[in-house]
Amino acid sequence: MTAQQAPDVPDFMQITRPRELSAELREQLVDCWARVINSGGAVIPPGLPLPPVDTGHTDPALGRLVGALDPRRTRILIATVGGRLAGWLVLRRDPHPLVAHWGAVNHVMTHPDFRGRGIGTALMGRVRDLARQEMGLEQLHIAVRSGLGLEEFYGRLGWHEIGRWPGSLRVAPDDDRDEILMYLAL
């Protein structure tokens, strides 16, 4: 964010069931995901190729996410600014009693048109509140790719690195990155 650029104040919405996702919003999410991947974002789930990708790749991946929505277990948190999609993420919890007290944050992305404007920070603040207040979670986990400064970003928001899988992510030939495991107490 430049000195002249004030952070945007997003509006938030949750999608907790497949029927809540409109066709228009689905199209925006699919487009955002492809743009984020193609701009170097670390949100490439299993089954998607390495960049470049298009909406034909991200649409089925979003369909799998949406199909798993359930208010008790999985939600999509969406940030909009001026009615435009600015970013989104997925919050999941496993219902098994051994791990039901924590959730995992996945697919955190800010639309490239909104980068550097505080959207990622706002999303992470809102997901923290949602996890604690609405889902009764006690901690959050996230796994991030090294080499992008993500551990510093999350560290500034109170997350702690708890481990690494060295070289576990191959983003290109001769470009292996660590997967960094992080934790946030709620």
Side-chain angles (χ1 to χ4, degrees), residues 1-2 4-45 48 53 55 57-59 61-93 103-137 139-145 148-159 182 184 186:
M1 183 167 13
T2 64
Q4 303 93 335
Q5 199 174 28
D8 287 310
V9 179
D11 292 314
F12 294 103
M13 65 183 294
Q14 293 180 59
I15 305 294
T16 62
R17 293 180 174 84
R19 69 177 181 269
E20 296 171 358
L21 184 63
S22 70
E24 178 183 353
L25 185 53
R26 180 187 176 105
E27 186 176 305
Q28 291 176 41
L29 293 171
V30 164
D31 178 66
C32 178
W33 201 347
R35 287 175 182 245
V36 168
I37 290 171
N38 290 333
S39 67
V43 289
I44 305 171
L48 258 68
V53 300
T55 58
H57 296 107
T58 54
D59 186 66
L62 183 68
R64 288 187 293 277
L65 286 178
V66 171
L69 291 175
D70 177 304
R72 295 161 300 179
R73 291 192 308 269
T74 305
R75 301 166 182 224
I76 297 175
L77 177 62
I78 297 168
T80 60
V81 173
R84 290 184 58 209
L85 178 70
W88 61 284
L89 58 74
V90 175
L91 174 61
R92 293 185 170 113
R93 87 166 339 137
V105 178
N106 304 112
H107 307 298
V108 179
M109 58 188 95
T110 300
H111 191 289
D113 292 347
F114 287 90
R115 292 229 173 112
R117 294 165 58 179
I119 301 302
T121 299
L123 270 167
M124 295 310 294
R126 180 66 187 112
V127 78
R128 180 184 198 153
D129 295 341
L130 182 158
R132 182 179 49 239
Q133 296 167 3
E134 295 184 28
M135 295 179 77
L137 297 174
Q139 57 182 266
L140 292 174
H141 300 181
I142 194 167
V144 301
R145 181 191 309 168
L148 299 173
L150 296 172
E151 61 270 39
E152 290 85 12
F153 169 75
Y154 290 110
R156 287 191 302 272
L157 301 176
W159 291 75
M182 301 188 81
L184 178 70
L186 302 174

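Note that the numbering runs from 1 along the sequence shown for the chain. As a basis for the values below, the full set of heavy atoms in this structure was taken, side chains included, without hydrogen atoms, waters or symmetry mates. Model, not experiment: these values are computed from the prediction.
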| So, do Asp59 and Arg26 sit near enough that their side-chain heavy atoms are less than 4.5 Å apart? | yes
| Min side-chain heavy-atom separation Glu134-Leu91 under 4.5 Å | no
| remark: CZ (Arg84) and CZ (Phe114) are apart, to the nearest 0.5 Å, by 4.0 Å
| message | Main chain of Met13, side chain of Arg126: is a donor-acceptor contact present, judged purely on distance under 3.5 Å? | response | no
| message | Contact between Pro10 and Thr80 at the side-chain level, heavy atoms closer than 4.5 Å - yes or no? | response | no
| field | Closest non-hydrogen atom pair, Ala131 against Leu186 | value | CB-CD1, 3.8 Å
| message | How close do Val81 and Ala86 get, counting heavy atoms only, and between which atoms? | response | CG2-CB, 3.9 Å
| request: Would you name the heavy atoms of Glu20 and Gln14 that are closest together and state the gap between them? | output: OE1-O, 3.9 Å
| Of all heavy-atom pairs between Leu150 and Ala42, which one has the smallest distance, and what is that distance? | CD1-CB, 4.3 Å
| query | Just by distance, do the side chain of Arg132 and the backbone of Arg128 share a donor-acceptor pair under 3.5 Å? | reply | no
| query | Tell me, do Ile15 and Leu25 make a side-chain contact under 4.5 Å, heavy atoms counted? | reply | yes
| task | Using modelled atom types only, decide if a donor and an acceptor are shared between the side chain of Asn38 and the backbone of Ala34 within a distance under 3.5 Å. | result | yes
| Does the side chain of Arg156 reach to within under 4.5 Å of the side chain of Thr121, using non-hydrogen atoms? | no
| How far does CG of Leu21 sit from CZ of Arg19, to the nearest 0.5 angstrom? | 12.5 Å
| field | Atom of Arg145, atom of Gly40 and distance for their closest heavy-atom approach | value | NH1-O, 4.2 Å
| Derivation of the side chain to side chain contact (heavy atoms under 4.5 Å, CB included) call for Val36 and Arg115 | CA-CA 10 Å; Val36 168; Arg115 292 229 173 112; 3.7 Å; yes
| message | Set out, in order, the CA-CA distance, both residues' side-chain angles and the distance that settles side chain to side chain contact (heavy atoms under 4.5 Å, CB included) for Trp159 and Leu140, then state yes or no. | response | CA-CA 9 Å; Trp159 291 75; Leu140 292 174; 3.5 Å; yes
| CD1 of Ile119 to CG of Asp8: how many Å apart, nearest 0.5 Å? | 5.0 Å
| Note, Thr74 side chain near Leu69 side chain (heavy atom, < 4.5 Å) | yes
| task | For Trp33, enumerate each residue passing the ring-ring contact (aromatic ring centres under 6.0 Å, His included) test, keeping only those at least two apart in sequence or located in another chain. | result | Trp88, His107
| request: For residues Ile76 and Val66, determine if any side-chain heavy atom of one lies less than 4.5 Å from a side-chain heavy atom of the other. | output: yes
| note | Distance col, row Leu65:CG vs Arg92:CZ, nearest 0.5 angstrom, shows 5.5 Å
| Distance-only, no hydrogens or angles: does the Arg93 side chain make a donor-acceptor pair with backbone N or O of Met135 under 3.5 Å? | yes
| task | Write down the atom of Ile142, the atom of Val105, and the distance for their closest heavy-atom approach. | result | CG1-O, 3.4 Å
| Polar side-chain atom of Thr110 near backbone of Gly87 as donor-acceptor pair, under 3.5 Å | no
| message | Just verifying a value: how many Å separate Asp70 CG and Arg17 CZ, rounded to the nearest 0.5 Å? | response | 7.5 Å
| said: Could you check whether any side-chain heavy atom of Leu77 comes within less than 4.5 Å of a side-chain heavy atom of Leu123, counting everything from C-beta outward? | reply: yes
| said: Other residues, nucleotides and ligands only: do more than 12 of their heavy atoms fall within 6.0 Å of CD on Glu24? | reply: no
| remark: Rounded to the nearest 0.5 angstrom, the OG-NE2 distance for Ser39 and His111 is 9.0 Å
